[in-house]
Amino acid sequence: MIASCLWILFLIPYVWGNTEKTIFLGPSSIKIESTYPTLEYSRLIPLNPDNFAIRTHLKAEFPSDEARHGKPSWFVLRNLNEGQRYEVRVCWAATQPTEFTLEAYDLQTVFRTPELASELSAFAATRQANMEHNVALSSQRLELGVKESILLLRIVVAADFYTTNHTLMKNIPPVFVDIILDPFILNVLPRSLLYTVTYIILVTIVSWFTGKWISSWVCLIAAEPTKQKYQ
């Protein structure tokens, strides 16, 4: 009975939420030049190892000829360490059937690719028009001439459901998500799992010593009748 309850508790996060992620290495630091449209990507919501999580709504669309994979949103990943492995996760409720595509790009790739540059410009213009909704998140700006390890994160959101409600099919509600930047420790273990792994190791060590003590105690009790028999 107890084991069944523990399994139920273990499975609850998978019932209530979904996760999509991408893994990448921090790029080398570059100097932010005026050749990059600073005004455009300075309006993006930033993520960095200190401020590593945000909770927001992302617009979704059904895939179409104009948006083959859904509605794109852009974010900026700042203060990364060159060569360090990172993971970005998007978590959302299972009650909102959605498909996510995550990609991290360096600045050169984005601004040398017309499709990406145009998409980023359009998204930044939309962000600027709605600044009053995210004033605190949008106040940070990139400074020209400063060297920084930085990437642009592209999240494409596609609605993945069908309903006979025509209003809902035409007006897809935004998806409530958590976006998390998770650095890897020694490029092996995500930082968010450090406490879990530590706990498991401690429990394993304590269980081993406890089991060894119980085994010795049981053997000692079992040996008592044998001694009495031969006395």
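Excluded from the calculations below are hydrogen atoms, water molecules and symmetry mates; all remaining heavy atoms, backbone and side chain alike, are included.
Atom CG of L47 is separated from atom CG of D182 by 11.5 Å, given to the nearest 0.5 angstrom. Taken to the nearest 0.5 Å, the CD1 atom of I180 stands 7.5 Å off from the OG atom of S192.
Taking E99 as the reference, nothing meets the salt bridge (charged side-chain N to carboxylate O under 4.0 Å, His left out) condition, with sequence neighbours excluded. Remark: D178 pairs with R55 by the salt bridge (charged side-chain N to carboxylate O under 4.0 Å, His left out) rule, at least two apart or across chains. Residues passing the salt bridge (charged side-chain N to carboxylate O under 4.0 Å, His left out) test with E87, sequence neighbours excluded: K21, R89. Here E61 pairs with A67, K71 under the side chain to side chain contact (heavy atoms under 4.5 Å, CB included) rule; sequence neighbours left out. Partners of H69 according to the ring-ring contact (aromatic ring centres under 6.0 Å, His included) rule, which considers only residues two or more places apart in sequence or in another chain, do not exist here.
Using a 4.5 Å heavy-atom cutoff, the side chains of V157 and K59 are not in contact. Side-chain atoms of L102 and V90, non-hydrogen and from C-beta on, do get closer than 4.5 Å to each other. Considering only heavy atoms from C-beta on, L44 comes within 4.5 Å of L152 through its side chain.
Side-chain atoms of W92 and E20 form no donor-acceptor pair, as typed in the model, at a separation below 3.5 Å.
The 12-atom threshold is not exceeded at CG of L186, counting heavy atoms of other residues, nucleotides or ligands nearer than 6.0 Å. Atom CZ of F62 is surrounded by more than 12 heavy atoms from other residues, nucleotides or ligands within 6.0 Å.
Note that R154 lies outside the cation-pi zone of F75, set by a 6.0 Å cut-off to the ring centre and a 45° limit from the axis.
Residue pairs meeting the ring pair (Phe, Tyr, Trp, His ring centres under 6.0 Å) criterion with at least one member in residues 173-207, sequence neighbours excluded, are H57-F176.
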